[in-house]
Amino acid sequence: MKTELNTLASLVAAIVWSDGEYSEVERETTQEIVEALELPGEEFEKLIVEAQKATEKLDENEITDFLVKHAENVDEEEIGIVYEVLMQMALCDGVLTGNEVDNLLVIADALGMDQTTAVLLLCDMVKEEEDLEISFED
């Protein structure tokens, strides 16, 4: 990938921030992403954990700034791939929350995607998740 590993790890950590913990299913999804994108697994995992610790104490405004800062560093040719990775992380625990949707839309905007495209891509991925729960509580 042309996008720096730290940038991708930071964005993944911001999605993890939405539900507060880097769970086992998120770790498994990270490994699937590592394999699919042929990333250095141990380094990527380490960067996610470091970024997740950095985001733990951030409030919603601060996490938005964090997301925008890192999304701006995504290689233009990889915007779709990065957005797909982040959607996978948001959905992997079987629950889609309002915070996750908010963060995905902030990221999409920072990546230069229009909101309609971002929502349709999320809808497309959601329809593939048979047992996905939609949570209206944050």
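The residues of the chain are indexed from 1 along the displayed sequence.
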Test item: [X] and [Y] side chains (from C-beta on) under 4.5 Å apart, heavy atoms:
X     : Y      : answer
Ile15 : Leu104 : yes
Val82 : Met1   : yes
Val68 : Ile107 : no

Which pairs of donor and acceptor atoms, one on a side chain in residues 34-43, lie under 3.5 Å apart (sequence neighbours left out)?
none

Which pairs of donor and acceptor atoms, one on a side chain in residues 108-128, lie under 3.5 Å apart (sequence neighbours left out)?
{"unit_1": "Asp114", "atom_1": "OD1", "unit_2": "Thr117", "atom_2": "OG1", "d": "2.8"}
{"unit_1": "Asp114", "atom_1": "OD2", "unit_2": "Thr116", "atom_2": "N", "d": "3.2"}
{"unit_1": "Asp114", "atom_1": "OD2", "unit_2": "Thr117", "atom_2": "N", "d": "2.9"}
{"unit_1": "Asp114", "atom_1": "OD2", "unit_2": "Thr117", "atom_2": "OG1", "d": "3.2"}
{"unit_1": "Asp124", "atom_1": "OD1", "unit_2": "Lys127", "atom_2": "NZ", "d": "3.3"}

Hphob cluster co-occupancy, [X] + [Y], side-chain heavy atoms under 4.5 angstrom:
X      : Y      : answer
Ile79  : Val106 : yes
Val85  : Leu132 : yes
Phe136 : Val95  : no
Leu86  : Ile134 : yes

To the nearest 0.5 Å, tell me how far [X] [atom1] sits from [Y] [atom2].
X      : Y     : atom1 : atom2 : result
Leu96  : Leu91 : CG    : CG    : 5.5 Å
Glu45  : Glu50 : CD    : CD    : 11.0 Å
Glu56  : Ile63 : CD    : CD1   : 10.5 Å
Ser10  : Leu67 : OG    : CG    : 9.5 Å
Asn103 : Met89 : CG    : CE    : 12.5 Å
Cys92  : Ile33 : SG    : CD1   : 8.0 Å

Begin with the C-alpha distance, continue with both residues' side-chain angles, and end with the deciding distance and a verdict on side chain to side chain contact (heavy atoms under 4.5 Å, CB included) for Arg27 and Val49.
CA-CA 10 Å; Arg27 290 177 193 275; Val49 170; 4.2 Å; yes

For residues Thr55 and Ala13, report the shortest heavy-atom separation together with the two atoms involved.
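Reported closest heavy-atom pair: OG1-O, 4.0 Å.
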
Testing the basics here: between Glu100 and Thr97, what is the closest heavy-atom pair and its distance to 0.1 Å?
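Shortest heavy-atom separation between Glu100 and Thr97 comes out as OE1-N, 2.9 Å.
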
Can you list every pair that meets salt bridge (Lys or Arg N to Asp or Glu O under 4.0 Å) and has a residue in residues 1-17, with sequence neighbours left out?
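Non-adjacent pairs meeting salt bridge (Lys or Arg N to Asp or Glu O under 4.0 Å): Lys2-Glu77.
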
Apply side chain to side chain donor-acceptor pair (under 3.5 Å) to Thr30 and list each qualifying residue two or more places apart in sequence or on a separate chain.
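Side chain to side chain donor-acceptor pair (under 3.5 Å) check on Thr30 returns Tyr22.
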
If the condition is side chain to side chain donor-acceptor pair (under 3.5 Å), which residues does Gln52 pass it with, not counting sequence neighbours?
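Partners of Gln52 by the side chain to side chain donor-acceptor pair (under 3.5 Å) criterion come out as none, since no residue qualifies.
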
In chain order, what residues pass the salt bridge (charged side-chain N to carboxylate O under 4.0 Å, His left out) check against Glu78, with sequence neighbours excluded?
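Glu78: no salt bridge (charged side-chain N to carboxylate O under 4.0 Å, His left out) contacts found.
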
Using the side-chain hydrogen bond (donor to acceptor under 3.5 Å, both in side chains) rule, take Thr29 and Glu26 through it: C-alpha gap first, then chi angles, then the decisive distance, then the call.
CA-CA 5 Å; Thr29 302; Glu26 288 168 329; over 6 Å; no

Considering residues at least two apart in sequence or located in another chain, which fulfil the side-chain contact (heavy atoms from CB on, under 4.5 Å) criterion with Asp59?
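For Asp59, the residues satisfying side-chain contact (heavy atoms from CB on, under 4.5 Å) (neighbours in sequence not counted) are Asn61, Glu62.
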
If the condition is side-chain contact (heavy atoms from CB on, under 4.5 Å), which residues does Glu32 pass it with, not counting sequence neighbours?
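Glu32 satisfies side-chain contact (heavy atoms from CB on, under 4.5 Å) with no residue once adjacent residues are dropped.
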
Quick one: which residue pairs count as a ring-ring contact (aromatic ring centres under 6.0 Å, His included) with a foot in residues 101-124, not counting sequence neighbours?
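The answer is none; no pair qualifies.
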
Mind jotting down which residue pairs meet the ring-ring contact (aromatic ring centres under 6.0 Å, His included) criterion with at least one end in residues 67-123? Sequence neighbours excluded, please.
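Sorted pair list: Phe66-His70.
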
Hey, is the main chain of Thr3 close enough, under 3.5 Å, to the side chain of Thr7 for a donor-acceptor pair?
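No, Thr7 side chain to Thr3 backbone: no donor-acceptor pair under 3.5 Å.
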
